[in-house]
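All values below were derived from every heavy atom in this structure, side-chain atoms included, with hydrogens, water molecules and symmetry-related copies excluded. Numbers restart at 1 for each chain; the letters A, B, ... are given by sequence-line order, proteins then strands.
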There are 4 protein chains.
Amino acid sequence: MQCPLEMKPRWERRKDARPQELLAAALDLFVERGFASTRLEDVAKRAGVSKGTLYLYFTNKEELFKAVVRDTIVPALGAAEDMIASFEGSSADLLRAVMQAWWANAGATKSSGMIKLVMAEAGNFPDIAVFYREEVILRGTSMISGLLERAVERGEFRPLDVFLTTQTLIAPVLMLMLWKHSVGPCEMSELDPVAFIDSFLTMTLSGLLPRAP
Amino acid sequence: MQCPLEMKPRWERRKDARPQELLAAALDLFVERGFASTRLEDVAKRAGVSKGTLYLYFTNKEELFKAVVRDTIVPALGAAEDMIASFEGSSADLLRAVMQAWWANAGATKSSGMIKLVMAEAGNFPDIAVFYREEVILRGTSMISGLLERAVERGEFRPLDVFLTTQTLIAPVLMLMLWKHSVGPCEMSELDPVAFIDSFLTMTLSGLLPRAP
Amino acid sequence: MQCPLEMKPRWERRKDARPQELLAAALDLFVERGFASTRLEDVAKRAGVSKGTLYLYFTNKEELFKAVVRDTIVPALGAAEDMIASFEGSSADLLRAVMQAWWANAGATKSSGMIKLVMAEAGNFPDIAVFYREEVILRGTSMISGLLERAVERGEFRPLDVFLTTQTLIAPVLMLMLWKHSVGPCEMSELDPVAFIDSFLTMTLSGLLPRAP
Amino acid sequence: MQCPLEMKPRWERRKDARPQELLAAALDLFVERGFASTRLEDVAKRAGVSKGTLYLYFTNKEELFKAVVRDTIVPALGAAEDMIASFEGSSADLLRAVMQAWWANAGATKSSGMIKLVMAEAGNFPDIAVFYREEVILRGTSMISGLLERAVERGEFRPLDVFLTTQTLIAPVLMLMLWKHSVGPCEMSELDPVAFIDSFLTMTLSGLLPRAP
DNA sequence: GATGAATGAGAATTCATTCAT
DNA sequence: GATGAATGAATTCTCATTCAT
């Protein structure tokens, strides 16, 4: 009773796992080949089921895509929100921690490939675009904006335009994600994400101009 | 003799214009709908010709796409290179001027839509990816890197990692481009590109931390 | 257990039969209309399936054609080879029997139409040409050559150039096949294959010249 | 006046030559690639004119094909007919001479490729088939039949079925023609046409069976 | 007459989706 | 629930034919 998962016969557990296996397979292929070039037959094959089975869980290709987006992109945000809520220390350190965690939890995983895809296909999926804006962009920017507001209030950062600064802070992570999944594969050897984020923050925090003595 | 262009029969002049008309139509549709969802018949129709005509000028859809990339993305780089070469004034001002010009000449035009597309489709077109890396990324980064090196030599900027800083400076423009052509259309009202670039550079140049008194 | 074939669900048995049904339909149409003029949709329709189904069994039109060639032409040779191996009697009688059987088993069937087609299309299908030469021509000529050699050894035939004689013996059957499937249909009434082969062999065996007394 | 051809300005003679140049080009390509695979643009290009020009001389592809057939196949017959009419000597020698000349004048040239093509495409061009039967087959067989009848009358050949024997005599030449233009190109090295015809006639005239006493 | 740009019907091929078993 | 054979709409690409210049 305490552990109901273990009590199911194996094939039933398998049945419960089907959607996840299909989502995982779909994620792989969508990221690898893009939406249009991904054949549902290949998704099914990779998940070890038949084409027909896929339709037992997802009405059509579009819904599968949406499910992958929902399943992949949202979870990464939770971790970052928790971190901000519980962090103690300087805002500069928090910003560093948040951005590095962000990369580690989202950027370095396959979900960053989905972000590329969402941007590419947004035009073809109006409701994905809405979902993405509300669930990902708004939540992500609120998180950063809140951090900035608090830092300014506390005098840790100078007065600044919160909205524009938020966008600025998002840019490098977004760029890393796109890099990783497009031309990056060849170039990436040279661009170390951790160092890049670190460099970006150093620059952003202290500025490029030499300090007045 | 003085005006040989005028002496051509009308349909021959037409022929000279066809490739450009087709490229323009293709650019529109590729940006609007993506590679796979763009039907060649629609491209032809928008250019005011028939399906078959398109094939007189471009071997197939892939070649049309490549031609659009070449025709669209490369030209924008020239202007920026010229500006850097001839600019007189502080490096900070030059950086501002270059980035604003970059947005005006490339970002604000349809070519920024192609950049999104190239990133999305790079995996499906290995030679487009190679072309893009060599003709766009390398040229673009060299341009910025050169500017930074000169600024550091002259003592206008503090010592910095040229490669990482270059990537950092590219990020916001790239982000603007992607924004404009994906979820942006709804959000864009709030994100003014000129103000964004300006804010980014202010932050980057002076830092977020309050100045030491 | 005793009758596993019967235990398959109906549509699976169907599946097993499909390739043959399609090959039969394709044979009909290829012979009737030639390679280029045969539309795959018509082949599918004649086999009672849809266009797409055809592609479940044959990669493309070319492969379908090759499959028809392999499926049609080769089987006819076996019968003739067996006959030669087991025949007892004079070589002249064997030659008569082989050639008449050849016509009956191959010439009079649709496969002779494919031979016409192979000759017409050989240039467009290099590997069909190779296959045809090796599997049909070489096997067929070896068969006849062997017969001739044996006949000469036994003193039943006078010494002769085996290679040239073999080609000569093939010629009339080949001609009948072509006749049947090109201009023949109108002319054929007048040219009775059995009588023609008989006449040919009489002439070939005894010569046109009057016998020396 | 006696030589009006020579008096025309060069471009006019050229104009007169156009149809012939086009027919020659079409012959080449039809023989090489078959009817359906021959593109009219290629025919025009090979003749050194534009696609449109071709339509000044031939209504469509089908008419061009027919024109090639008429222009190519018929002329070869005249020579053979003349030879028979004027030949003096034994019928056996005449037969040898006719068949060798036939090969030399028709078989060894491109027109033999057209014969292959006519047989392959006869089904698609009913009037070509009629034309071919009347102008080629009937004339050709009459020629041989006449020769045979005369030889029998004179006691040079034994009594025989003229019709069947005629077909028999045609077979090897026909086979040589087909050989040359299909699988032959690889095999041909081994099959010398002159020797083949010679061997065929020797066999046909004297028979395969050993002569009595 | 000659040209070659333009046309558009037609055929091959792909793949999301359905459904009998 | 699971399967995979079957479907047919959709799309790319070809090429005979037309026609303005």
My validator wants the stems of DNA chain E: runs of 3 or more consecutive Watson-Crick or G-U pairs, both distances under 3.5 Å, written as range with range. E:2-21 with F:2-21

With nearest nucleotides of DNA chain E determined for A:Glu62 and C:Arg39 from heavy-atom distances, which residue corresponds to the more 5′ nucleotide? C:Arg39

Looking only at atom types and distance, does a side-chain atom of D:Lys61 sit under 3.5 Å from a main-chain N or O of D:Thr38, one as donor and one as acceptor? yes

Kindly assign one of parallel, tilted or perpendicular to the pair C:Phe30 and C:Phe35, based on the angle between their ring planes and the thresholds 30° and 60°. parallel

Can you see if the side chain of A:Thr53 gets near the phosphate of F:dA2 - specifically, an N or O under 4.0 Å from OP1 or OP2? no

Considering every strand and a 4.0 Å limit on heavy-atom distances, what is the contact class for D:Ser37: base, sugar-phosphate, or nothing? nothing

Report yes if a donor N or O on one partner sits less than 3.5 Å from an acceptor N or O on the other, where the partners are the side chain of A:Lys51 and the base of E:dT17; otherwise report no. yes

Any side-chain N or O of C:Tyr57 under 4.0 Å from OP1/OP2 of F:dA5? no

Starting at the 5' end of DNA chain F and moving along, which residue's nearest nucleotide shows up first, B:Asn60 or C:Leu54? C:Leu54

Treating B:Thr72 as the side-chain partner and B:Val68 as the backbone partner, does any N or O pair qualify as donor plus acceptor under 3.5 Å? yes

For C:Glu41, does its backbone N or O pair with a side-chain atom of C:Lys51 as donor and acceptor, under 3.5 Å? no

Remember a base hit wins even if backbone is also touched, and classify B:Leu56 as base, sugar-phosphate or nothing at under 4.0 Å, heavy atoms. base

Interatomic distance where OH belongs to B:Tyr55 and C1' belongs to F:dA16 [whole Å]: 18 Å

Test side chain to side chain contact (heavy atoms under 4.5 Å, CB included) on A:Lys66 and A:Val69 and set out the steps. CA-CA 5 Å; A:Lys66 291 180 190 172; A:Val69 172; 5.6 Å; no

The side chain of A:Leu40 is closest to which nucleotide in this list: E:dT17, F:dT7, F:dA16? E:dT17

Of C:Glu41 and B:Gly52, the one whose closest nucleotide on DNA chain E sits nearer the 5' end is B:Gly52

Contacts of A:Lys45 meeting salt bridge (Lys or Arg N to Asp or Glu O under 4.0 Å) (sequence neighbours excluded), chain-then-number -> none

